[in-house]
Amino acid sequence: MNQTSRDGFTSSFGVLVATLGSAVGLGNIWKFPSLTGANGGAGFLLVYLLATLLVGLPVMIVETMLGRAARANAVSAFDRVAPRRQWWWKSIGWMGFAAALLILAFYSEVAGWVYAYVFKAMAGQIATTDRQVAGAVFAELVANPLSSLLWQWVVLAVTGSIIMFGVARGIEAVTRRLMPLLFILLLVLCARSLTLPGASAGLSFLFSPDLAKITPAVVLTALGLAFFKLSIGMGCMLTYGSYFRDNQNIPATATRVMFADLSVSLLAGMAIFPAVFAFGFEPAAGPSLVFMTIPAVFTAMPGGTLFMTLFFILTAIASVGAMLSLLEVPVAILSERFGLGRKRASLTTIAAVAALGVPAALSSSLTSDLKVLAMNPFDLFDFLSSNVLLPLGGIMVCLFVGWVYGLPEMARQLSNDGALRNQRLVSVVFLLVRFVAPLSIAAVLLHGLKLF
Ligand code: TRP
């Protein structure tokens, strides 16, 4: 298929914004702080940084490369880049299809909480630094089955109507203008949080590691977060790569996105943990942590209600960019492989997510006792996708590129046919994906799942 007959990003800047839009989302503002808090703080952060640099970035580079080389969805791509008889590589794409639906099922629920908090912030219902009150507001929201479902459907309606129109110019324009604003607001929050009395306990929680807290399960969670943050291991970057332009510098784009994404997470961490300790919240509170702490920081400053509302609006917008990239994986597979047409492919995907989303949304009410592996549906979907499917997809991408696709073809692709002088960098990435990444992912996965 040639480039012109397919939808795609139109400028190098557009590629950067869309990729950043996929990476930055609830992962930074909700998942990163919750997991860092629940897994002991600085030690977790250290492992997460290592996983991002040594495994995440190289996988991101080669996954994007495969997409651009194939110019097809996550399943069909392997019809094009894999040798004829090795049909099994397509399972990477099918696993990605499943992972996308699982992630969307709980992600849309969290996005629903964010939407609800926009209105709660406006109404002044969450303007409190009292952890009892803050906890009660959150508990009441998630324990109500009807409102949980309704908010999730609002989120699905919003993202579904955008994805139908293809590579959306509207959202791209919106994200590009509003993301810097989120960044600034986070800076303001950090400033306030860091100047609270007792803030330093939060900083040392975040930055002075206690190595004893790093268990195999913690390492697996950190690795899973690295994959989740960079949108890799399930064909999402592959699909976006298929819309990249021929002259896009893939390693440079991936590196920039990784650093930008990391800074947003660190800012969120520095906005939250000082306040957690200053106000006596519980760092290991899990999914509710952000929803209690962020309002408290805003409440402790002038103009709090306005900024708080703005903050949740911007977070809702950030979640849209990430969800669009998740939706794009099944939508591209359904429309290109089954000839469904953009609209029907989108509707089918949204319907599937809505169905899977029901048990996830009701996890704090009707399905809270529906336990598999001691987890309710919400936690199970999160665990299966981040800690199992994404690392597994990552290993397979590495094995494919490192042992089948090979260095010469990879060097040709990543240098844009010799236009970029980056041989040395490519060799390093090659060694990482051939040996380091697959071995360390396999070890972490087996160990973390207690399989050996
Ligand atoms: N990276 C996004 C976030 O942190 C979520 C996301 C978007 C994602 N696309 C993905 C996660 C693909 C895993 C795989 O919010």
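We count ligands from 1, going down the list as the structure has it; atoms in each ligand are counted the same way.
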Sorted by chain and residue number, the salt bridge (charged side-chain N to carboxylate O under 4.0 Å, His left out) partners of Asp379 (sequence neighbours excluded) come out as none

Within 4.0 Å of some non-hydrogen atom of Ser325, the atoms of ligand 1 are 7 (C), 9 (N)

Counting from 1 in the order shown, the ligand 1 atoms closer than 4.0 Å to a non-hydrogen atom of Gly27 are 3 (C), 4 (O), 15 (O)

N/O to N/O below 3.5 Å, does that happen between Ala23 and ligand 1? yes

Between Phe32 and Lys229, is there a cation-pi geometry (under 6.0 Å to ring centre, at most 45° from the normal)? no

Ring centre gap for Phe400 and Phe78 strictly below 6.0 Å: yes

Less than 3.5 Å apart, which donor and acceptor atoms pair up between the side chains of residues 431-449 and the rest of the protein, not counting sequence neighbours?
{"unit_1": "Arg434", "atom_1": "NH1", "unit_2": "Gly402", "atom_2": "O", "d": "2.9"}
{"unit_1": "Ser440", "atom_1": "OG", "unit_2": "Val436", "atom_2": "O", "d": "2.5"}
{"unit_1": "Ser440", "atom_1": "OG", "unit_2": "Ala437", "atom_2": "O", "d": "3.3"}
{"unit_1": "His447", "atom_1": "ND1", "unit_2": "Phe452", "atom_2": "O", "d": "3.3"}

With heavy atoms and a 4.0 Å threshold, my read on which part of Lys31 contacts ligand 1 is neither

Ligand 1 atoms nearer than 4.0 angstrom to some heavy atom of Cys236 are 9 (N), 12 (C)

Report task. Could you say whether the N/O atoms of Phe228 and ligand 1 ever approach to under 3.5 Å? Result -> yes

Would you say Asp246 and Asn416 make side-chain contact, with heavy atoms under 4.5 Å?
-> no

Q) Salt bridge check: are Glu328 and Arg342 linked by an N-O gap of less than 4.0 Å? A) yes

So the atoms of ligand 1 within less than 4.0 Å of a heavy atom of Ile103 turn out to be 13 (C)

For atom 15 (O) of ligand 1, the closest protein heavy atom turns out to be Tyr107 OH, 2.4 Å

Looking only at distances, can you tell me whether any N or O atom of Leu26, backbone or side chain, sits closer than 3.5 Å to an N or O atom of ligand 1? yes

Among Met237, Lys229, Met234, Met323, the residue with a heavy atom nearest to atom 12 (C) of ligand 1 is Met234

Looking at Leu399, is its backbone amide N or carbonyl O close enough to the side chain of Tyr405 to form a donor-acceptor pair, meaning the two atoms are under 3.5 Å apart? no

min-distance protein heavy atom vs atom 2 (C) of ligand 1 -> Ser22 O, 3.2 Å

Rounding to 0.5 Å, atoms CG (Leu314) and CZ (Phe183) come to a distance of 13.5 Å

Nearest non-hydrogen contact to atom 10 (C) of ligand 1 from the set Ala322, Ser265, Ser231, Ser385 belongs to Ser231

